[in-house]
Amino acid sequence: MTKITTNPSATSPADIKLLVLDIDGTIAGISNQISPKVQQAIEAARVKGVQVAIATGRMYQSALRFHKQIGSSLPLVAYQGAFIKDPLSQTIHQHQPLNQKIALQLLDYFDRPEVRSAISVHCYIDDLLYIRELTPESQAYVERVGVTPQVHPDLRPFVSGTAPTKILALSKDRGAIDHLMEAIASHYSPTELYLTKSSSTFFEAANPGANKGVGVRYLAEELLGLTAANVMVLGDNFNDIEMLEYAGIGIAMGNAPAPVKALAHWVAPDVESDGAATAIEKFLL
């Protein structure tokens, strides 16, 4: 995992030129929509001259409607930072897929009887979703993200042909996901795999050079010529840690796990209370 460190100097809200937003649990809650209050706060920040962007674990095609809704003119950071694409020019700025050999090893592990019965497996290739079977958990997932999955009992032929951008395992059993995280983390080093949880029931594996912190840094420093001190981010889960550590102002949502809140500069109300709007109003407006 690429380590991202924050600017050591204190950041003033007046310094913020870039606002980066997570989607699920941050600007979109149970409704899967951006509320009018949050939308208004984002627009007010844009009017003040702050650029806005999305950094999400979602697929690019699933995140696109949120990117358009907030009026972003920047590339979209998707797949935990492994895929960065500009919707306007269609330019792919970065794509860091998984190592194919490791991806196949993960699929072999997920196919063990004691593991297979506990999880659903999703592979993301060329911004398409391939799943092993349409379990209730997978059905709920595809309904929320708004994509049509390709269902195949064996995902290995697809991974052998093209390296996946990300692999996700999900389960209604949080203990199963915690156990999976521990088992995989004990077998692979951070230089081989980036492992994270985007929710308590989602285990995610990606390229070790990819995370949201790396993606946000690319937008800020490579594209806009800014520093970490000019960046404010909002996130709600473990996959947001790297960007929270990088940004001059890192805001965790009230619904975030305690370890994530502990890393933030400030904790906003939860997503269902329009916490993103409260944070934007407090720091930028």
Side-chain angles (χ1 to χ4, degrees), residues 20-39 42 53-70 72 76-83 85 87 110 118-152 155 164-174 176-178 180-181 196-206 212 215 234-240 243 252-257 260 268 270-277:
V20 184
L21 305 161
D22 168 53
I23 297 176
D24 295 290
T26 299
I27 60 171
I30 294 172
S31 70
N32 201 24
Q33 303 291 333
I34 302 176
S35 75
K37 184 175 181 180
V38 172
Q39 180 69 36
I42 295 170
I54 292 288
T56 180
R58 285 197 186 209
M59 304 171 67
Y60 173 84
Q61 64 164 302
S62 173
L64 196 54
R65 69 178 174 94
F66 295 94
H67 177 275
K68 292 177 178 178
Q69 188 173 347
I70 68 170
S72 178
L76 169 56
V77 179
Y79 292 103
Q80 313 298 7
F83 188 75
K85 181 177 178 179
F110 295 158
I119 63 171
S120 301
V121 178
H122 294 188
C123 279
Y124 303 82
I125 301 172
D126 292 334
D127 205 34
L128 296 174
L129 172 59
Y130 294 80
I131 66 176
R132 194 168 58 185
E133 58 183 314
L134 192 58
T135 63
E137 291 75 31
S138 291
Q139 181 64 46
Y141 175 91
V142 299
E143 288 177 359
R144 181 170 179 86
V145 301
V147 300
T148 301
Q150 312 279 327
V151 183
H152 300 276
L155 301 177
T165 305
K166 185 179 77 170
I167 291 179
L168 180 147
L170 60 158
S171 173
K172 60 183 178 183
D173 182 354
R174 297 181 182 185
I177 295 300
D178 289 339
L180 187 63
M181 175 70 79
T196 191
K197 290 194 294 183
S198 54
S199 80
S200 60
T201 58
F202 284 16
F203 161 91
E204 307 205 18
K212 290 188 185 184
L234 276 74
D236 78 303
N237 227 301
F238 292 103
N239 61 323
D240 297 309
M243 73 174 184
M253 302 298 291
N255 44 284
V260 177
D270 67 31
V271 64
E272 300 303 330
S273 302
D274 293 329

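None of the values given here were measured: they were computed from a predicted structure. Heavy-atom basis, side chains included; hydrogens, waters and symmetry copies ignored.
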How long is the span from the [atom1] atom in [X] to the [atom2] atom in [Y], to the nearest 0.5 Å?
{"X": "S62", "Y": "H67", "atom1": "OG", "atom2": "NE2", "result": "13.5 Å"}
{"X": "R65", "Y": "I54", "atom1": "CZ", "atom2": "CD1", "result": "10.5 Å"}
{"X": "N237", "Y": "S200", "atom1": "CG", "atom2": "OG", "result": "7.5 Å"}
{"X": "M59", "Y": "L64", "atom1": "CE", "atom2": "CG", "result": "11.5 Å"}
{"X": "T26", "Y": "D240", "atom1": "OG1", "atom2": "CG", "result": "5.5 Å"}
{"X": "C123", "Y": "Q150", "atom1": "SG", "atom2": "CD", "result": "12.5 Å"}

Apply side-chain contact (heavy atoms from CB on, under 4.5 Å) to [X] and list each qualifying residue two or more places apart in sequence or on a separate chain.
{"X": "A206", "value": "Y194"}
{"X": "A176", "value": "A118, S171, D173"}
{"X": "A63", "value": "I23, T56, R58, L76"}
{"X": "V38", "value": "I27, I34, S35, I42, D274, A276, A277"}

State, yes or no, whether a side-chain contact exists between [X] and [Y] at a heavy-atom distance under 4.5 Å.
{"X": "L170", "Y": "T201", "answer": "no"}
{"X": "F110", "Y": "I167", "answer": "yes"}
{"X": "Y130", "Y": "H122", "answer": "no"}
{"X": "P149", "Y": "L129", "answer": "yes"}

- Item | Trace of the side-chain contact (heavy atoms from CB on, under 4.5 Å) decision for F66 with L21 | CA-CA 10 Å; F66 295 94; L21 305 161; over 6 Å; no
[X] and [Y]: which non-hydrogen atoms are nearest, and at how many Å?
{"X": "E272", "Y": "I30", "result": "OE2-N, 2.7 Å"}
{"X": "A53", "Y": "S72", "result": "CA-OG, 3.8 Å"}
{"X": "V271", "Y": "G25", "result": "CB-O, 3.4 Å"}
{"X": "Q39", "Y": "Q69", "result": "NE2-O, 2.8 Å"}
{"X": "V20", "Y": "A55", "result": "CG1-CB, 3.6 Å"}
{"X": "Y60", "Y": "P87", "result": "OH-CA, 3.3 Å"}

- Item | salt bridge (Lys or Arg N to Asp or Glu O under 4.0 Å): pairs with one or both residues in residues 131-150, sequence neighbours excluded |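 The answer is D24-R144, D111-R132.
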- Which pairs, with at least one residue in residues 118-129 and sequence neighbours excluded, count as a salt bridge (Lys or Arg N to Asp or Glu O under 4.0 Å)?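 Not a single pair qualifies under salt bridge (Lys or Arg N to Asp or Glu O under 4.0 Å).
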- Item | N239, D178, L180 screened by side-chain contact (heavy atoms from CB on, under 4.5 Å) with K197, the one that passes |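 Answer to the side-chain contact (heavy atoms from CB on, under 4.5 Å) test with K197 among N239, D178, L180: D178.
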- F202 ring center within less than 6.0 Å of Y141 ring center: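 When the ring centroids of Y141 and F202 are compared, they turn out to be within the sub-6.0 Å range.
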- Message: Test your reading of the model: is there a side-chain donor-acceptor pair from D270 to the backbone of N255, 3.5 Å cut-off?
- Response: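 Answer holds: no.
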- Message: Given 3.5 Å as the limit, does a donor-acceptor pair link the side chain of K212 with the main chain of M243, or not?
- Response: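 Such a contact is absent between K212 side chain and M243 backbone.
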- Ring-face cation contact, Y124 with K166, 6.0 Å cut, 45° max: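 Yes, a cation-pi geometry.
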